[in-house]
Structure formats: C-alpha cells, structure tokens
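Atoms within each ligand, like the ligands themselves, are counted from 1 in listed order. Just so you know, these numbers come straight off a predicted model, no measurement behind them.
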Amino acid sequence: MEIYGKKRALAALGRFAQSGRFPHALLLTGDSGIGKRVLADYTAMMYMCTGEGRKPCMRCNECRRTEQHIHPDVVYPLSVMEKGKYNADDLRSFIAGCYIKPNDGDIRVCVFEALDSMSVICQNTLLKFIEEPLDFNRYIFTADRKEPVLQTVLSRVTAVTVDACDEKEFAAALSGHGIDASRAEELFARFGGNIGAALKFEENGDDMQYYHAAVKACDALADKKELDCLLAVSSLKTREEVFAALGILTDIFAQAAAYKSGKGTAEKYMDRTKRIASAYSLAAITKMYDEALRLYGMSFTNPNVKLFAAECCGALFDAAESANRR
Ligand SMILES: [Zn+2]
C-alpha cells in the first residue's frame, strides 16, 4: 500500500495511536480523488492490527486481509446498498447486522464512504446507531465536504482533513502510472496534488462530462452569460454528474474568494479561479460559494435532474447579482 502526501492526516492518526486514545468514530474529509479510501483502509488496519510495534504493521494477517478487502470484520456498507446509494431500508438492515458480535476478532470496523451523499433520513438513522456505541464497533466515515453532514452527526465524530500531496510526490505517483513529468506538471496545475482526480481525468479524457460542464458554466458566470451557463449544464444527465459539477464549482468559488482576498494561491483550476476573481467582488463570490454549497447538498434530493441543473444556473446568477446590487 503506497500512501502519497497526507502528511498532516497521518500525523494526526499517529498521535491518536500513540496516546492510546484512538477515536471510536473518525471522519476523513477531503476532495474526491484525494485518497480518502486508501486512508480509510489504512485506518481500518490501525484498528485491526494484531502485530507487534507500530500499527499498522502491514504484515499481520489482519492487516493483509484488510488491505485486500477480504477481512470479514471490515465492512463497507455503501457497497451493499441497492444501486450503490444509501437508502434508509438497506442502511437499517446493515445496522441491524452490526449488533451481532464480529466474526473473527474483538473489533468490527464499519467504513461509511460518502457520508455527505447521505440523505437527512439516513443520517438520522446512522446517528441513532453511533450514539449508542457498542464496544466492538468502530466507525470510519469519508466525505468530500463536511457541510452536508448534520451537526448532530459531526458532534459524534473526530474529523481529520486528508491533505493533497506536493508536486514532487504527485509527479512520483503519476510516473508509476506511466505519466511523464511535463504532463504531470500540467495536471498538477489543474488538480493541485489530487492524484485520484488527475488519474481519473487521464483515464476518462473527454468522457468527463461533468468537468467540462462545470468549467463551461464557470466561464459563463465569469462572462455573465446566463444562457451559456444553461447550455453548459444541459449536458448533465445524472444526479452524480450534477453533484460532481457543483463540487468543482464550489472549489473554484472557494479558491477565487481566497485568491481575491490575498489569502490563497489559485493552484487548482487556475484560469477559472482567476477569471471568477476578476469578474466579481469578494461579496459576490462568497454568495456564489454559499449558494453552490447549498445546491451541492441538495443534489441527491431533487427528483428532476434537468430542472435542478437549470435551477442551479439561475440560483448562482441570482447570488452573484444580489451581492453586486448591495
Ligand atoms: Zn498488522
């Protein structure tokens, strides 16, 4: 198992392990593709490891089975949900199974991925489960963003931010996938140390409809052309695509706000970040960010994808204008 970057996250986990107070419930947050799943597996090993010395030892039977995803007591509920999405019925039956003692050892680790894609009903179901922790259960959650997660759930977990790697590590990781240094440099400019996102982009190329839709929508916002924005999002066909596109827009607005206020560099989506920063006031960008985040949290609750995508355009333009009027 290769772990690139994530220095701060690994240091935080190391401190928990050393102090002997490893939390019962951990939330790993960070952009899609940053390596939360790898870190979740690594953390699961820390819980399960029966080896000597530093944990995880990566050598004992528990570590090896966890790494290979064949440990019967390291469970991934999202993988057993119908259509790979959380729903209250499947979640309840999964939880019911967790009241039974683990198969092999003393500990069961439940890895709840994409906590931020869970509906409020599902999150409340989950809350009841983690509020009354059983001695043998540990919980690892992953989420791109904390905002869609209920405060009541957040108050029960210890959050660790998964950080991106630096340019050197990024290039090293990509060279392992046959990507040369100059291409790695370009990709770093676009994805800012997010190896997973860069690899996905390289693999899918032009199929990354949501990426193209998001940057076109962003250009339309910078040019203040609402019709172009509507055309850009009309290519989005699924909730997942809308969710991913809104995630990118949220990132761009967050970076543009930091860039505009002199607090950050525009290392990801460089051109777009700068365009938004020069087209709008800080107040307008902040409003657009808030609005994008709100819509992001609603991505999975809306029944009509096309209508929702169109509403997103309108809402973002309204947010920008309302700040400009003041
Ligand atoms: Zn081990």
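- F191 and F170 have their aromatic ring centers separated by at least 6.0 angstrom.
- Ring-centre distance between F112 and F94: below the 6.0 Å cut-off.
- Checked for salt-bridge contact, K85 and E240 meet the test: a charged N lies under 4.0 Å from a carboxylate O.
- Looking only at atom types and distance, the side chain of D41 has a donor-acceptor partner in the side chain of Y76 under 3.5 Å away.
- Classified by interplanar angle (parallel below 30°, tilted 30° to 60°, perpendicular above 60°), the ring pair Y47/F22 is perpendicular.
- Residues H24 and N137 have side chains that never bring a donor and an acceptor to within less than 3.5 angstrom of each other.
- Within the protein, the N, O or S atoms sitting under 2.8 Å from the Zn ion (ligand 1) are C49 SG, C57 SG, C60 SG, C63 SG.
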